[in-house]
Amino acid sequence: MSPRTGRPTNNPKGKPLTIRLDNEAQQVLDAYCKQKNVEKGEAVRRGIKKLKSELKEKE
């Protein structure tokens with residue numbers, strides 16, 4: 001059996017991230033995921049992209 005399983009992708013996500021959230025942050029994340037119908041990982045990636053755009057504005 002092949003060591004790679006799952007669907008092929010052009011954007012592999014091989015960098016795991018573990019974080020601790022307070023109750024407020026967890027509620028916001030859960031509400032966003034439910035409203036936008038996305039997984040938590042995707043919501044975090046979207047948040048990081050917003051942070052990246054803020055960095056470009058300050059330069």
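All values reported here derive from a predicted model rather than from experimental measurement.
- A 4.5 Å side-chain heavy-atom check between Glu42 and Lys36 finds every atom pair outside the cut-off.
- The line from CG of Asp30 to CG of Leu21 is 9.0 Å long, rounded to the nearest 0.5 Å.
- Arg45 places none of its side-chain heavy atoms less than 4.5 Å from the side chain of Glu39.
- For Lys13, the NZ atom counts as densely surrounded, since its 6.0 Å shell holds more than 12 non-hydrogen atoms of other residues, nucleotides or ligands.
- Neither Leu51 nor Leu17 shares a network with the other; the hydrophobic side chains, linked directly or stepwise wherever heavy atoms of I, L, V, M, F, W or Y lie under 4.5 Å apart, form separate groups for each.
- In the displayed structure, Asn23 atom CG is contacted under 6.0 Å by at most 12 heavy atoms of other residues, nucleotides or ligands.
- The residues Lys50 and Glu54 are annotated as not salt-bridged, no charged nitrogen and carboxylate oxygen being separated by less than 4.0 angstrom.
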